[in-house]
Amino acid sequence: MSFKTTFEQGLFLLAGVALAGCTADVSGPGKGNNPAGTAGSGTTGGGSSTTTGGQGMTPDGGLPSPVCTAGSVVPSFHRLNRVEYQNSVNALLGTDLPIANDLPVDSLVYGFDNNADVSMSATLMQKYLNVAESSVKAALGNQATRAALIPCTLGADDACARSVLEKFLGKAFRRPASAAELDDSLSYLKVCTSSPDAGIGCAMQAAILSSKFLFRGELLGTEQAKACIEAAPLTSSADGKLSGRALAARLSYWLTTSAPDAELYAAADSGALATTAGIAEQVTRLLAGASAAGHREPFLANFPGQWLQLSAAAAAAPSPTLFPKFDEPLRQALGDESRLFFASTINEGRSALDLVRTDFSFLNERLASHYGISGVTGTDMRRVSTTGTARGGILTQASFLTATSSSENTSIVQRAKWVLTNLLCERLPAPPPGIVDSVPAPDPGLGLTNRESLTIRTANAPCNACHVSMNPIGFGLEVYDAVGAYRTMDRGKPIDPSGMLPDGTAFQDTEGLMQLLKNDQRFPACMTKKLLTYALGRGLVASCDDAAMKTLGEEFKADGYNLKNHIIRLAQSDLFRSARAYVDPTVEAPESEEAGK
């Protein structure tokens, strides 16, 4: 029987397993042992899914569920998303392959694409099979990478193969391989016999198709967990604390979107990660980008990319008739501005409040021209003072403003919705069925501004119940057009950026709105929720997580909202270091969204 035939049988067996308590593993020819975790079902690539990571913030940022059901503690269990899988394979093989392009787009749950998804389909498994085959073939076909993977001479004696695979499996499984696992891997040398490299190649493909590589299990020391993992070692203690290596994996996938590097494993094995000082040291190092090669989308790019919806800006298609100057250099620059701006807030130890409003940004000549800022030349992005301008803060950046507009016009509603759900974590109910189409837009011939038109459409019930909160925020951002350029007129009339919030607080202009949002205590609390949701790969549950959230919030405020220090404290918290995830079985998980990246 061929390697591919054997693996196709095993993979489709894995895909068909009902993940009610354990997930089968493909660990050797004809074998399916060592299951590893808990349940969840759904589809990939934009379908709906059910997750076991806890009920909490909705995909667009709603409030957590208030229920924490007794006895509902389950192990955290994650399938690597396509970028994590790509980076992990590249780090393991020493390659730099665009693997993610060959895998389906992951769904967004709770706003991010790394949320405890264990869904598998036959189509997805076939794609994993194809990717594994081509990746290992590329690695062994390159003299340098092959020499790094196989530093000895393969022969009739399997001593070299045993040495190679023992090291390889330890990195792939993110823990030392057991004797049985190593024997299973060596058995591929008897299946794939066309050459010594063929046997090793089959074993390597088997490893990166194993559930121990595909899934990140953070198992509890319960009888159910013991039954699931059989002889494999637990990755957490009976009280739910992550082991050193499991904590290393959680840290690494949070901050580098890839498997731990050698230094992080060394910190785990030495016990350094069991101390707050050791965690702080590693978080600081990983944020600085000192981890091993193969991390294409580290935290400083990936988190703001999803939180700020930079993928939407990258895919935006402004009307070439209305916005003829919008070009690819501008599109690239506006994404770079937001990523560099977020990274600088962390790297410079600045307050998270500066994300809302501050006096600088990162521009090159193309973007500075778009903003009407002089004195910037060249294509390189650099820090530029924005004092005295309408720029400085994420809500003034063309990436956000373009992502929340249509191809032809601004969207007061979409901009306000993003602010409320992503900056303030407010839950916004969906419009009543049919209500949008039942309220006709005013006659375009009247020449109404966007503000005038929306005011008319949302003046009465039931629309005004939500729009009383939304409209003022969107009005304050109307001075930026659909591609983020500053303007003072709309349809020949002066733009009125003033507004009044539901609590009676008024602002006169865009600057006034920015200051209100910067001083809104909901923002730092929401920032903490977003960071933890991304870090834990699950939604937050009010009655389970609120105590920890309150403590973290108090420490955040006392530290002047220093964002870098806050990330370190999150990593040091019991909430982050625990394997426990909570679910409320009486509430369905939110529907997923397509990531669109």
Side-chain angles (χ1 to χ4, degrees), residues 309 312-313 316 318-319 321-323 326 356-357 371-372 389-391 393-424 426 428-432 435-518 520:
Q309 300 178 352
S319 166
T321 301
L322 296 176
F323 307 103
F326 189 91
V356 179
R357 191 68 172 116
Y371 288 170
T389 75
R391 305 294 171 176
I394 56 179
L395 300 183
T396 74
Q397 294 174 359
S399 58
F400 158 74
L401 296 163
T402 302
T404 52
S405 298
S406 71
S407 62
E408 298 182 348
N409 201 0
T410 63
S411 174
I412 293 172
V413 172
Q414 288 303 314
R415 289 177 176 179
K417 178 183 177 182
W418 189 92
V419 170
L420 288 168
T421 58
N422 286 284
L423 285 189
L424 306 180
E426 289 294 321
L428 297 177
I435 192 65
V436 175
D437 295 332
S438 70
V439 183
D443 185 350
L446 296 176
L448 299 177
T449 65
N450 291 338
R451 177 177 181 139
E452 291 170 336
S453 178
L454 186 65
T455 299
I456 292 172
R457 296 191 72 192
T458 61
N460 301 315
C463 299
N464 59 358
C466 290
H467 283 271
V468 68
S469 299
M470 299 175 69
N471 289 3
I473 294 173
F475 293 158
L477 298 173
E478 271 291 277
V479 296
Y480 304 103
D481 71 12
V483 293
Y486 189 79
R487 63 180 186 169
T488 59
M489 306 291 286
D490 181 20
R491 289 174 174 81
K493 300 178 182 180
I495 290 174
D496 176 8
S498 66
M500 180 177 290
L501 301 178
D503 64 359
T505 303
F507 58 91
Q508 297 304 311
D509 52 24
T510 303
E511 180 62 32
L513 172 63
M514 300 292 179
Q515 292 302 324
L516 286 176
L517 292 173
K518 184 172 183 176
D520 194 320

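Nothing here was measured: the structure is a model prediction, and the numbers come from that model.
No side-chain heavy atom of W418 sits less than 4.5 Å from a side-chain heavy atom of L477. Taking the side chain as every heavy atom from C-beta outward, F507 and L513 approach each other to under 4.5 Å. Counting heavy atoms from C-beta on, the side chains of V483 and T402 come closer than 4.5 Å. Side-chain contact between T458 and M470: absent, with no pair of heavy atoms (C-beta onward) separated by less than 4.5 Å. No side-chain heavy atom of T404 sits less than 4.5 Å from a side-chain heavy atom of S411.
With sequence neighbours excluded, the residues satisfying salt bridge (charged side-chain N to carboxylate O under 4.0 Å, His left out) with D496 are R451. With sequence neighbours excluded, the residues satisfying salt bridge (charged side-chain N to carboxylate O under 4.0 Å, His left out) with D520 are R522.
Here the CG-OG distance, from L428 to S469, works out to 8.0 Å after rounding to the nearest 0.5 Å. Distance check, rounded to the nearest 0.5 Å: CG of L517 to CD1 of I473 gives 6.0 Å. Annotation: the span from C463 atom SG to L454 atom CG amounts to 9.5 Å, rounded to 0.5 Å. Put simply, CD1 on I495 and CG on D481 are 8.5 Å apart, with the number rounded to the nearest 0.5 Å.
Annotation for R357 and K518: closest pair O-NZ, 2.9 Å, computed over non-hydrogen atoms. Between G476 and V479 the shortest heavy-atom distance is O-CG2, 4.4 Å. Taking all atoms of both residues into account, the shortest heavy-atom contact from P497 to D509 is CG-CA, 3.9 Å. The two residues A482 and F323 make their nearest non-hydrogen contact at CB-CZ, 3.7 Å. Taking each heavy atom of A313 and S399 in turn, the nearest pair found is CB-O, 3.5 Å. In terms of heavy atoms, N422 sits closest to Q309 at ND2-NE2, 4.3 Å.
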Verdict with reasoning, E452 to K493, per salt bridge (Lys or Arg N to Asp or Glu O under 4.0 Å):
CA-CA 11 Å; E452 291 170 336; K493 300 178 182 180; 3.1 Å; yes
- Item | Derivation of the side chain to side chain contact (heavy atoms under 4.5 Å, CB included) call for Y486 and T389 | CA-CA 10 Å; Y486 189 79; T389 75; over 6 Å; no
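Looking only at distances, a side-chain donor or acceptor of R391 sits under 3.5 Å from a matching main-chain atom of T396. For N464 (side chain) and H467 (main-chain N/O), no donor-acceptor pair under 3.5 Å exists by modelled atom type. No donor-acceptor distance shorter than 3.5 angstrom exists from the side chain of T410 to the backbone of I412, with no hydrogens or angles considered. A donor-acceptor pair under 3.5 Å is formed between the side chain of D490 and the backbone N or O of N450. In this structure, R415 contributes its side chain and L401 its backbone to a donor-acceptor pair below 3.5 Å. The backbone N or O of A390 lies less than 3.5 Å from a partner atom in the side chain of Y480, making a donor-acceptor pair.
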